[in-house]
Amino acid sequence: MNTVFLIAALGLLVSTAIAMVRVVGGPTVLDRIVGVNVVGAQTTILLILIGYLFDNISMFLDIAIAYAMLNFILAIGVTKFFLRRKSARGGGGGEEH
Amino acid sequence: MARLVTFFIMLFFWVLISGMFDAFHMTVGALCCLLVTIFSHDLLFYGRPDLSWLRDIGKIMGYFPWLFCQIFLASLEIAYIALHPRMLDIIDPRLVRFRTRLRNTLSRVTLAQSITLTPGTITVNMAGNEFTVYALTQHAAEGLPGEMEERIARALEGD
Amino acid sequence: MSILSVIVAVLLLLGVFFFIIGAVGIVRFPDFYSRLHAAGKCDALATALSLMAIALFNIRDFDWALFQSWDNLRVSLKIVLIILFVYVASPAATHAITKAAFIVGIEPWEKRKRNR
């Protein structure tokens, strides 16, 4: 069963790498937030799988719960923050436009 | 009554999260739950001091399996679109506006969350009884509000 | 290899498959709003499938007499709690991001503009 968990964890790493393309290259700030959200959801699962592989599930589960909540707060907070900035509209960070 | 139910829900969460059953941790947990109950007993039963809130939760539970099936089917469709080599020919994003006949706030929020959870449609705005939904394909747009609204009405409003 | 482990493996790998599809989706879709569809699927379905698999695997040998298996049941309930939280929080976050995008004024990609 550990093999299945290991394969799943590797698959999650691959998909995190794909999602990182959007985080790095997204045209607007909101695109990056969506990418970070997806990476956060994948990290929640990855943490629990790591807990199984290290045989310490109850500790890693608490971290995973905190991470899931943090993921939600991050989306709400960063969205509110960038709502008042012109830079959310286009360009990279807004400096070059 | 509301305070008692709040206290026991809080205590259930404490036991679920902490998992330590010695005297010290249980005492601290009971104290914390008591404080939270005193300060915010009117938040959990906002606007409704009776227990109808818990009954609604029970009714929503019957609606979840159907919603999960819908999410699965719609996800397969989006997966097909995302992997299709000529994706731009298939998708046809559009804004859809419709009025709902759901009356109370809880069922409207449930409908908005369900629409967002189902891949292919996102609730953009909800003003009064008018929903603005962003649909990815024509097929997804045609399915609104449809069966989802009926099921929520049956589950939460008792029609 | 019991039947439960087969179910767990299928659910978990299906969840990972949908995670990869979601990641490919947010890279490939043409505009911001359609990327949200792929991201929402990733959150809702893939998280639920993988967490369900882990919760099932956690109570694989449940025994009413042992304290240890009751503790395992508690851990599984915590995982179910994460699923419920994600199902309440993820649409709210998506809604906040969409509304912010509308207020900021990001243009939706439309088929008509492309054909013109």
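Note that this is a predicted model, so its numbers are computed, not measured. What's counted below: heavy atoms across the whole structure, side chains too, no hydrogens, waters or symmetry copies. Letters A, B, ... are given to chains in the order of the sequence lines, protein chains preceding strands, and every chain is numbered from 1.
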At a heavy-atom separation under 4.5 Å, does V109(B) approach chain C through its side chain, its backbone, both, or neither?
-> neither
Is it the backbone or the side chain of A48(C) that comes under 4.5 Å from a heavy atom of chain B, or both, or neither?
-> side chain
Turns out that what part of T110(B) lies under 4.5 Å from chain C's heavy atoms comes down to neither
N125(B) to K99(C) - nearest heavy-atom pair and separation | OD1-NZ, 3.5 Å
In residues 77-85 of chain B, which residues are in contact with chain C at a heavy-atom separation under 4.5 Å?
-> I78(B), A79(B), I81(B), A82(B), L83(B), H84(B), P85(B)
Measure the CD1-OG1 distance between I122(B) and T98(C) for me, rounded to the nearest 0.5 Å.
-> 4.5 Å
With a 4.5 angstrom heavy-atom cut-off, which part of F29(C) approaches chain B: side chain, backbone, both or neither?
-> both
Mind ranking V24(C), V27(C), V88(C) by heavy-atom pairs under 4.5 Å with chain B and telling me who comes out on top?
-> V88(C)
Looking only at heavy atoms, what is the nearest atom pair of A135(B) and H37(C), with distance?
-> C-NE2, 4.3 Å
If every non-hydrogen atom of Q113(B) is compared with every non-hydrogen atom of A92(C), which pair is closest and at what distance?
-> OE1-N, 3.7 Å
Parallel, tilted or perpendicular: ring planes of Y134(B) versus Y33(C), cut at 30 and 60 degrees = tilted
Here the gap from Y87(C) atom OH to T116(B) atom OG1, rounded to the nearest 0.5 Å, amounts to 13.0 Å
Starting at CG of L76(B), measure out to CD1 of I21(C) and round the result to the nearest 0.5 Å.
-> 9.5 Å
Okay, I97(C) and chain B: the region with an atom under 4.5 Å from a heavy atom over there is neither
The side-chain contact (heavy atoms from CB on, under 4.5 Å) partners of L81(C) (sequence neighbours excluded) come to F13(B), L16(B), I17(B)
